[in-house]
Amino acid sequence: MRLVADSGLWSTGHQAAPTPLAAVLEVSGAVLSWTIDDSSTAAQITFTDPASADWLWRVFGESGHVALTAALDGRPPGAAVELIGVDVRPGSLEPLRRLALGHWLRRWWPASQRDGIAALDSALLDAEIAVLTAAAEDFFTDETFDSDVAALLRPHAAALSAHLQGGDPRVIELVRNCADLANDVGIAFGEADGVAQRRDDYALAAGPDAGRHGSSAIATGADSVIWGAVPPGVFDAAEKTVAWRIEAVDGVAKAVIRVELSGAGLAAGIAVRLRSDGLGGTGVLDVDGVAAFPIVDQEQRPVAESAAWDHDWRSTAVTIGADRNELVESPQMRERVRDFARTRLHRQAPDTFLAEVLAAESDY
Amino acid sequence: MSAGFEVATAIAVSQPRRAVIDRAWRAIGPGVEVLSGDDGGPLRRTVKRIIDPLVLRLRANAQYSAPFVHADVAVAMHDLIVGHDAQLRSAAAWFELLKRERRRLRITTGNAQELYFPACFELAVTKGAPAQRDDGAAEAVLLEIHGDRDRTAIEVLNQYVADPAVVAGLTDQLRQSWSDVRAGPEITGPFLAGLTTVLGPAESHSAAAARQRVWSALIADAAPYNLGAKAHSAEAELPWSITELGLSSVEPQRPPAVVGGADSERPLNRSVVDRVRATLRRAMDRDELPDIPLLCAEEVDRVCAPWGLMAEDKQATLIAGIEIGACLAPLSESAVPRYDLASQIQARLRKEAYVLHARRYLADGGPMHPRQQQVIDDLAAFARPYLSRLWARLHGRDVWQEPCDDVDDVRALLEGVARSVSLDHRQRIKAMLELQVAG
């Protein structure tokens, strides 16, 4: 195995794809990452603290653990180190890859009414991740970001109890497994607190045409949500779901933005920015995913209706959420994620989560 | 380059301690399933709460605590664990019983393994296996565990300081002690220069030994005391601002109140009683209930001491922490820390921030949701929570007179605090974004 320096840390080299195509898991002393749709590539293991990674022998064998620690002890990341005869034991990382994938599903699953990708039941997904986390506890010797079983289960106590009333034996088995675990970590199932209200009706979702009045639009267009700039569970994950429209109100130009919603999260308060060749404006979405704000020029002055008619709006770009200054997430990457999701829905694999199985079944 | 040679020698002499424990555990055979994972190895908390402290007794047997152990030590560990098989099987039986009782009593607070494992082993040693007929022992244990032992000590404290004469006495003592602390004439330059070695790299054994020597000299240096004493006086000549570092709300530092006081957020503003209360909360694991009047009187002298810490090694460690904390910026890609140790910590913090990006909790270019703004601002001012937490750890060590004289231990402390602050921040970010889904 070859160890290379990566941003001041030792790493096994196999660079995983960028977000949103990377599934990551933080264990004691290391961060593991995989490319979601490429199961042929090995995990990238980046050591944040080799000394606290006391699980290494499970993955590299005892002699591998000794060799790895000896090689990294006191050696600042620099020239590559070749460790002869030290390799990942086949299958030893599989439970962790599945766990990383589960965390990825929680955060990036591209649920979309428009694209026909059904949402995953968050309570069942988190329950399954909690069970897997408990099973992989040897890798979480220290407190880590991903070892908090209680935090996974706490919001779903009521929802999971409700699942026990349903008739699906697969669900009941999972929840039963989880109930014992929850009890151990101090969470009581059956209390009716904080049941996430699912927005099952997609009635609020509007088409890309923001024209509520249908008239007096100076310009209209559509843009896409950059997933990495917004929280999950709020917006429909399809492309071109951000409809913008420039209209004139009382002689000045105004932007109306409408974003398609999907999921239980709230859009209210999320920032919106419109830029168009020297003109622009900012606002925040309301609970329906709509924002309206005045267009201003570079000196922050209002733009007259006549000037708005003269402006070439073809370069208009609208961003939702964080203002990402570099385009690190391309539409092609998002399409790859959708392909991955569709594949998972259509073909069950050993690493399929119950929430995915149910989503696939609900699809028909 | 190849590490092949050192690998070959390392294999011959040592084994990962966790693997040794795992093997011994499996040799016990059936009867300990509730203390084991699905794969038959011991649970993480079985190791942490039973094997390490109660079977291997690491405090008394330091040789068992090394991450890698020699073959003879491995054999000794193995024999010790397997030799406790009867007690471990009994402890497992007690745990099953306690879990049943926990359900019956509808107790849901706390982590059952964390709380009950040591008690189970203690029961196994003192009583053997649980009685066939329920004799109420399990219920008594649970009620004791969940009876909030620490609250009793805090009650005693509250009663003690409810007496105005007590507070007046402590206030007099505080006034006197505060005026006793004065900076000496020694210069601070050499101390700060020495930190570059302490916080620097050591790639050889001799460099590591030199680092230890420098630290041993630094903790005997008057500079940390003098700097802390200067923070008390109006003409503060400090290289940093204690308000910017978040250690105090005012400059110069004012003597804190004995009880009450407006600001308990910043370490150096915290009242005497608040500090003693923190000590009592952290003392949960300790058997001896401290003598409250003595603890209060000691704490009065401690709040007056430079940096609110009595021992020179704690004061010196805080200064090292101030220097490290000032370099840390988890959200910055361009930060170039001036100390090697700070660079290492910064590299880890960056990787941890990457996990947030990869999980869609954090975006470049601002908050995804307005709820995140506060915690992003906090991350940008990392030194404040870092020093606040480091101070609390040092305060604990100061109270219990645990030394900070080992340079590797001090460096591990400086790293560990960064890790725990980062974890805390990241969990806040996570909670904030997930809150809105449930809300």
Side-chain angles (χ1 to χ4, degrees), chain A residues 7-9 19-20 22 24 26 31 33 46 48-49 51 54 56-57 62-63 65-67 69-71 74-76 79 81-84 103 107-108 135 137-138 140-141 143-145 155 183-188 194 196 227-233 264-266 269-270 321-325, chain B residues 1-4 6-7 10-11 14-19 37-38 41 43-44 67-68 99 102-103 108-113 201-203 208 340 343-344 346-348 350-352 354-355 357-360 363-371 415 419 423 426-427 431 433-434 436-439:
Chain A
S7 309
L9 299 172
T19 60
V24 305
E26 188 174 321
V31 173
S33 43
T46 305
T48 50
D49 183 11
D54 69 353
L56 287 172
W57 59 279
E62 289 186 35
S63 58
H65 185 167
V66 173
T69 306
R75 176 176 290 163
V81 176
E82 202 69 57
L83 286 173
I84 297 137
H103 282 288
R107 307 294 300 167
W108 295 103
E137 59 139 41
D138 290 320
F140 301 110
T141 317
E143 254 196 281
T144 67
F145 191 62
N183 187 40
D184 277 2
V185 297
I187 291 168
W227 297 345
V230 299
L266 297 177
I270 293 177
D323 191 16
R324 304 189 69 169
N325 42 15
Chain B
M1 66 175 292
S2 167
E6 31 187 322
V7 171
I11 290 168
S14 64
Q15 303 166 26
R17 76 181 294 274
R18 195 61 181 75
D38 292 343
L43 288 166
R44 172 164 56 103
F68 297 95
K99 270 182 56 157
R102 173 182 167 94
R103 265 197 290 277
T108 53
T109 52
N111 185 301
Q113 296 176 357
E203 287 175 47
D340 173 73
S343 303
Q344 282 176 33
Q346 172 73 7
R348 289 169 197 170
R350 288 289 308 152
K351 192 70 191 178
E352 291 171 349
Y354 158 78
V355 173
H357 281 102
R359 286 283 173 72
R360 205 175 175 181
D364 292 324
M368 290 179 172
H369 192 279
R371 238 189 260 269
E415 281 178 56
R419 194 161 35 239
L423 183 64
R426 293 183 301 142
Q427 277 167 342
L433 275 191
E434 294 191 344
Q436 63 136 12
V437 173

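Side-chain atoms are counted along with the backbone in the values below, which use heavy atoms only and exclude waters and symmetry mates. Numbers restart at 1 for each chain; the letters A, B, ... are given by sequence-line order, proteins then strands.
B:Pro16 and A:Val66 make their closest contact through CD-CG2, 4.0 Å (heavy atoms, listed as atom of the first residue, atom of the second, distance). Minimum heavy-atom separation, A:Leu9 to B:Arg348: CD2-CG, 3.8 Å. Closest approach of B:Arg44 and A:Asp138 over heavy atoms only: N-OD1, 4.5 Å. The two residues A:Val230 and B:Arg360 make their nearest non-hydrogen contact at O-NE, 3.0 Å.
By the side-chain hydrogen bond (donor to acceptor under 3.5 Å, both in side chains) test, B:Arg350 is found to be paired with no residue, residues two or more places apart in sequence or in another chain being considered. Residues passing the salt bridge (charged side-chain N to carboxylate O under 4.0 Å, His left out) test with A:Glu62, sequence neighbours excluded: B:Arg23.
Looking at A:Thr144, only its backbone comes within 4.5 Å of chain B, counting heavy atoms on both sides. With a 4.5 angstrom heavy-atom cutoff, A:Thr48 touches chain B via backbone and side-chain atoms both. B:Pro367 touches chain A through its backbone: at least one of N, CA, C or O sits under 4.5 Å from a heavy atom, while the side chain does not. Within the 4.5 angstrom heavy-atom criterion, only side-chain atoms of A:Trp57, from C-beta onward, approach chain B. Looking at A:Val31, only its side chain comes within 4.5 Å of chain B, counting heavy atoms on both sides. For a residue to count as touching a neighbouring chain, one of its non-hydrogen atoms must lie under 4.5 Å from one of that chain's; by this rule B:Ala202 touches chain A with the backbone only. In this structure, the portion of A:Thr46 lying under 4.5 Å from any heavy atom of chain B is its side chain and not its backbone.
The backbone N or O of A:Val24 lies less than 3.5 Å from a partner atom in the side chain of B:Arg359, making a donor-acceptor pair.
Atom CG of B:Asp38 has 12 or fewer neighbouring heavy atoms from other residues, nucleotides or ligands inside a 6.0 Å radius.
Your options are B:Ala363, B:Ala347, B:Gly41, and the one with the most heavy-atom pairs under 4.5 Å with chain A is B:Ala347. Interface check for chain B: of the options A:Gly186, A:Ala22, A:Ser7, A:Gly321, the most heavy-atom pairs under 4.5 Å are formed by A:Gly186. If you tally non-hydrogen atom pairs under 4.5 Å between each of B:Gln344, B:Glu203, B:Arg18 and chain A, the highest count goes to B:Arg18.
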A:Asp49 and B:Arg419: CA distance, side-chain angles, deciding distance, side chain to side chain contact (heavy atoms under 4.5 Å, CB included) verdict: CA-CA 10 Å; A:Asp49 183 11; B:Arg419 194 161 35 239; 3.2 Å; yes
Salt bridge (Lys or Arg N to Asp or Glu O under 4.0 Å) evaluation trace for A:Glu26 with B:Arg426: CA-CA 12 Å; A:Glu26 188 174 321; B:Arg426 293 183 301 142; 2.7 Å; yes
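Residues A:Phe145 and B:Glu352 have side chains not in contact (no heavy-atom distance under 4.5 Å, counting atoms from C-beta outward). Side-chain contact between B:Tyr354 and A:Ser33: present, with at least one pair of heavy atoms (C-beta onward) separated by less than 4.5 Å.
Checked for salt-bridge contact, A:Asp54 and B:Arg17 miss the test: no charged N lies under 4.0 Å from a carboxylate O. Ionic pairing of A:Asp184 and B:Arg102 is not present here: no N-O contact between side-chain nitrogen and carboxylate oxygen is shorter than 4.0 angstrom.
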